[in-house]
2 protein chains.
Amino acid sequence: MLLSPSQENYLKAIYKLQEDDGIATNQALAAMVEATPASVTNMLRKLTDTGFVEYEAYQGATLTSAGRNQAVALVRKHRLWEVFLVDKLQYDWDAVHALAEELEHIGGDELINRLDAFLGHPGFDPHGDPIPNAKGVVRARQHAIAASEASVGGTFVVCGVKDSSSLFLQHLDKLNIALGKAYTLKECLEFDRSAVWTEQGGACTNVSNEVAKNVLIQLTDA
Amino acid sequence: MLLSPSQENYLKAIYKLQEDDGIATNQALAAMVEATPASVTNMLRKLTDTGFVEYEAYQGATLTSAGRNQAVALVRKHRLWEVFLVDKLQYDWDAVHALAEELEHIGGDELINRLDAFLGHPGFDPHGDPIPNAKGVVRARQHAIAASEASVGGTFVVCGVKDSSSLFLQHLDKLNIALGKAYTLKECLEFDRSAVWTEQGGACTNVSNEVAKNVLIQLTDA
DNA sequence: TAATTTTTTTAGCCCAAGCTAAAACCAAGC
DNA sequence: GCTTGGTTTTAGCTTGGGCTAAAAAAATTA
């Protein structure tokens, strides 16, 4: 079965919503694919007919296993193209999403597996999100927690972000926060829960709680 | 003005037809974009309205300068992606056309200029066709002639093909003919105009006239 | 439970890009 | 100068993906 770019986007949206909310409401989908709820109903019908989605009126949508396979394949393509754009074409990490969104609909397994090999089978994309392998297996991130959960005195490495909007990523750039960097949580202010991080051998940064909640870290015991 | 992939394909088709036939008939265009002549008429109207095509009923289509710019940009994108697929992803030269056809509609100047830089500003694609630069300037191939024009005893280097169909390219593979290789034209048979080429320091190949007409060469005086 | 709000669906419409079949046009050939 | 054959255009239809506005269903609140 062959899917249009639009249909692929719906599958990916359902997949993402299921991942975190558990449930893909019509309205949430509409926001995600930038269409009206009415259009979503339409499309869910079609995807049900072609066997990618399980759906009954008013009950929300879930993916069939065929649908999930498609969605995971798309996520794989998206993330590999992001790696390509950042690693090879020197794009900034906040500028690749839209392009990857276009590229992910091109070609089939052959292309993406060759791209994967060319990039050296990367495990993570430029935002720290794991890249599903050719079989569709996604390894979850290891012991990642939100930076807002760290305790004073703890050390950690930044390994991902929850929000990968351009706006947020650029903000992290300004704070000098990047994937792979190590920090110590110096203190956490009672007043607004903002925190002070010191970079290994260097500068201090003041990190608002709002930011910390969207940064993923791994604790280190050094 | 923003063009759909389909519209871009029409512009490219008109450009190609103008290049060799001089004139882009409705019928030829239909064959090229895989649509009916009626659909072509439709689209030519639209492209005329948006200022990319000059067109009056029954008179055939020509590109405006805006249209030509678009077309050249597309050719550039197409050929750069072909270089990427062959050089970086190790595709065979006969397998890249369809993929490049998809990739050429992605992104804008930024992407393609970065790709160009990443590839080292190549001058030619894997079939020997010249790649227009960022300004849209296409350098014509230097003194290239069809191999069928060579004279017995002459030496030459293969620098391009006229037919870049998968079928033809695979045939050249079987004959051990590739871009950049040097040959001497040993003899040309009266009977069917087929020729015998000897590779520098190596094997003989028997090349039919039909093949020779579709291979481009540069004469060498060594 | 009843009333109200929110969410989803239905109904009917639009637009892009294609199609077929029939009509109009052009270019020869007699 | 007319007829004929090929090409191009017109007219009207189809399909995919969207939209709005109104109706229906579900969820929330009183």
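What you see is a predicted model, and the numbers here were worked out from it, not measured in a lab. We name chains A, B, ... by the order of the sequence lines, and we start the count at 1 in each one.
Separating the CG atom of Asn9(A) from the P atom of dG16(D) is a distance of 18 Å, rounded to the nearest angstrom. The distance from atom CD of Glu56(A) to atom C1' of dA24(D) is 17 Å, rounded to the nearest whole Å. Distance, Arg45(A) CZ to dG17(D) P: 15 Å, rounded to whole Å. Taking atom CD of residue Glu8(A) and atom C1' of nucleotide dG17(D), one finds them 15 Å apart after rounding to whole Å. The CG atom of Leu3(A) sits 13 Å away from the P atom of dG16(D) (whole-angstrom rounding). A straight line from CG of Leu44(B) to C1' of dT7(D) spans 14 Å, rounded to a whole angstrom. Distance CD (Gln59(A)) to C1' (dT7(C)): 12 Å, rounded to an integer number of Å. Rounded to whole Å, atom P of dC26(C) lies 15 Å from atom CD1 of Ile23(B).
Across Asp116(B) and Pro122(B), no two heavy atoms sit closer than the pair OD1-CD, 3.6 Å.
In this structure, the nucleotide among dA17(C), dT8(C), dT9(D) sitting nearest to the side chain of Met43(B) is dA17(C). Distance from the side chain of Asn26(B) is smallest to dT9(D) among dT9(D), dG18(D), dT8(C). Considering only the side chain of Lys46(B), dA16(C) comes nearest among dT20(D), dG17(D), dA16(C). Set against dG18(D), dT9(C), dG17(D), the side chain of Ser4(A) has dG17(D) as its closest nucleotide. Of the listed nucleotides (dA17(C), dT20(C), dA25(D)), dA25(D) has the atom at the smallest distance from the side chain of Tyr58(A). Comparing dT10(C), dT8(D), dG16(D) against the side chain of Ala38(A) picks out dT10(C) as the nearest.
Using cut-offs of 30° and 60° on the angle between ring planes, the pair Phe84(B) and Phe118(A) is perpendicular. Taking the six-membered ring where the residue is Trp, Trp197(B) and Phe156(B) present perpendicular rings, their angle passing 60° and hence far from 30°. Between His171(A) and Phe168(A), the angle of the ring planes lies from 30° to 60°, which puts this pair in the tilted group.
Residue Tyr10(A) has a polar side-chain atom (N or O) positioned under 4.0 Å from OP1 or OP2 of dG18(D). Proximity of Ser6(B) to the phosphate of dG18(C): a side-chain N or O atom is located under 4.0 Å from OP1 or OP2. The shortest distance between the side-chain N/O atoms of Thr41(A) and the OP1/OP2 oxygens of dT8(C) is not below 4.0 Å.
Checking Asn42(A) against Tyr55(B), the closest nucleotide of DNA chain D that is more toward the 5' end is the one next to Tyr55(B). Each of Ser39(B) and Pro5(A) lies near DNA chain D, and the nucleotide nearest Ser39(B) is the one positioned closer to the 5' end.
For the 3.5 Å distance criterion, the side chains of His78(B) and Asp125(B) fail to qualify, holding no donor opposite an acceptor.
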